[in-house]
Engineer: 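Attaching a single structure in structure tokens format; questions to follow.
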Amino acid sequence: FTTMSGFVPAAEVQHVHFGSTIILGCNISYLYETAWFKQNPDLIPTVVLYATLKEGRPFELFRLSPRHSASVMNRSLALRITGVQAGDMGLYYCTANMNAHVIVGRGTLIHNSSQILFQHWYPVAVCSGLLVMVLTVCITHWKARHRK
């Protein structure tokens with residue numbers, strides 16, 4: 001999928017905690033029926049929600065799970081995911097059929113916050129451990145030389 005300009009839209013990244021609720025914004029007007037897709041590497045996209053605006057309120061025509069629902073946000077149909085789980089991690093994007101053209105909205109990549117924290121602190125912990133080991137060897141060697 002591409003936008004009308006031919007470029008694939010950039011994705012924003014949101015960090016979430018398991019069990020929390022997240023709302024993903026769409027930059028396509030709620031005047032069009034909106035489909036939300038989830039994409040994981042090496043898998044085909046999965047439709048998680050298909051919604052429209054009916055009498056001023058979001059109306060879900062399809063939802064993959066009761067945890068997925070539509071919300072109105074910034075004049076668009078946003079995706080709400082309640083009770084976020086590990087299987088919810090991935091790239092989400094909204095699409096719409098606008099005048100016989102499929103358009104794709106901005107994507108959102110969902111990451112688990114603790115996973116991100118681990119990814120950032122793991123190298124620091126490993127380097128710190130190595131530094132402590134090197135210092136221990138140097139101090140032990142220095143003490144051994146000064147005892148002679």
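We number each residue from 1, following the sequence as shown.
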Engineer: Please give me the minimum heavy-atom distance between S69 and R63, naming the atom from each residue.
Structural biologist: CB-NH1, 4.1 Å

Engineer: Quick one: are P45 and Y93 in side-chain contact, heavy atoms under 4.5 Å?
Structural biologist: yes

Engineer: Taking atom CE of M98 and atom CG of L31, what is their separation to the nearest 0.5 Å?
Structural biologist: 8.5 Å

Engineer: Taking all heavy atoms of H111 and all of M89, pick out the closest pair and write down the distance.
Structural biologist: C-SD, 3.5 Å

Engineer: Are I22 and L49 grouped together when hydrophobic residues (ILVMFWY) are joined by side-chain heavy atoms under 4.5 angstrom apart?
Structural biologist: yes

Engineer: Quick one: OG on S65 to CD on Q85, what's the gap to the nearest 0.5 Å?
Structural biologist: 7.5 Å

Engineer: Count the heavy atoms of every other residue, nucleotide or ligand shown that sit under 6.0 Å from CG of L43, and state whether that count exceeds 12.
Structural biologist: yes

Engineer: Between the main-chain N or O of C26 and the side-chain N or O of W36, is there a donor-acceptor pair closer than 3.5 Å?
Structural biologist: no

Engineer: With a 4.5 Å cut-off on side-chain heavy atoms, are I110 and D88 touching?
Structural biologist: no

Engineer: Taking all heavy atoms of G90 and all of N40, pick out the closest pair and write down the distance.
Structural biologist: CA-OD1, 3.3 Å

Engineer: Which value, rounded to the nearest 0.5 Å, describes the distance between N27 atom CG and R75 atom CZ?
Structural biologist: 14.0 Å

Engineer: Atom CD1 of I44 and atom CZ of F37: how far apart are they, to the nearest 0.5 Å?
Structural biologist: 10.0 Å

Engineer: Quick one: are I103 and Y32 in side-chain contact, heavy atoms under 4.5 Å?
Structural biologist: no

Engineer: Under the 3.5 angstrom rule, does the side chain of R67 hit a backbone N or O of T82 as a donor-acceptor pair?
Structural biologist: yes

Engineer: Look at the side-chain heavy atoms of Ile, Leu, Val, Met, Phe, Trp and Tyr, link any pair under 4.5 Å apart, and say whether L109 and I23 land in one connected group.
Structural biologist: no

Engineer: Is there a path of hydrophobic side-chain contacts, each under 4.5 Å between heavy atoms of I/L/V/M/F/W/Y residues, joining V104 to L91?
Structural biologist: yes

Engineer: Main chain of N97, side chain of E33: is a donor-acceptor contact present, judged purely on distance under 3.5 Å?
Structural biologist: no

Engineer: How many angstroms lie between CD in E60 and OG1 in T52, if you round to the nearest 0.5 Å?
Structural biologist: 11.0 Å

Engineer: For the residue pair G105 and I28, what are the closest heavy atoms and their distance?
Structural biologist: N-CD1, 3.6 Å

Engineer: Kindly give the heavy-atom pair with the smallest separation between C94 and T34, and that separation in Å.
Structural biologist: CB-CG2, 3.8 Å

Engineer: Distance from T108 atom OG1 to Y92 atom OH, nearest 0.5 Å?
Structural biologist: 10.5 Å

Engineer: Of the non-hydrogen atoms in V47 and F62, which two are nearest, and what is the gap between them?
Structural biologist: O-CE2, 3.5 Å

Engineer: Any side-chain heavy atom of L79 within less than 4.5 Å of one from H68?
Structural biologist: yes

Engineer: Determine whether M73 and Y50 fall in the same hydrophobic cluster, where Ile, Leu, Val, Met, Phe, Trp and Tyr are linked whenever their side-chain heavy atoms lie under 4.5 Å apart.
Structural biologist: no

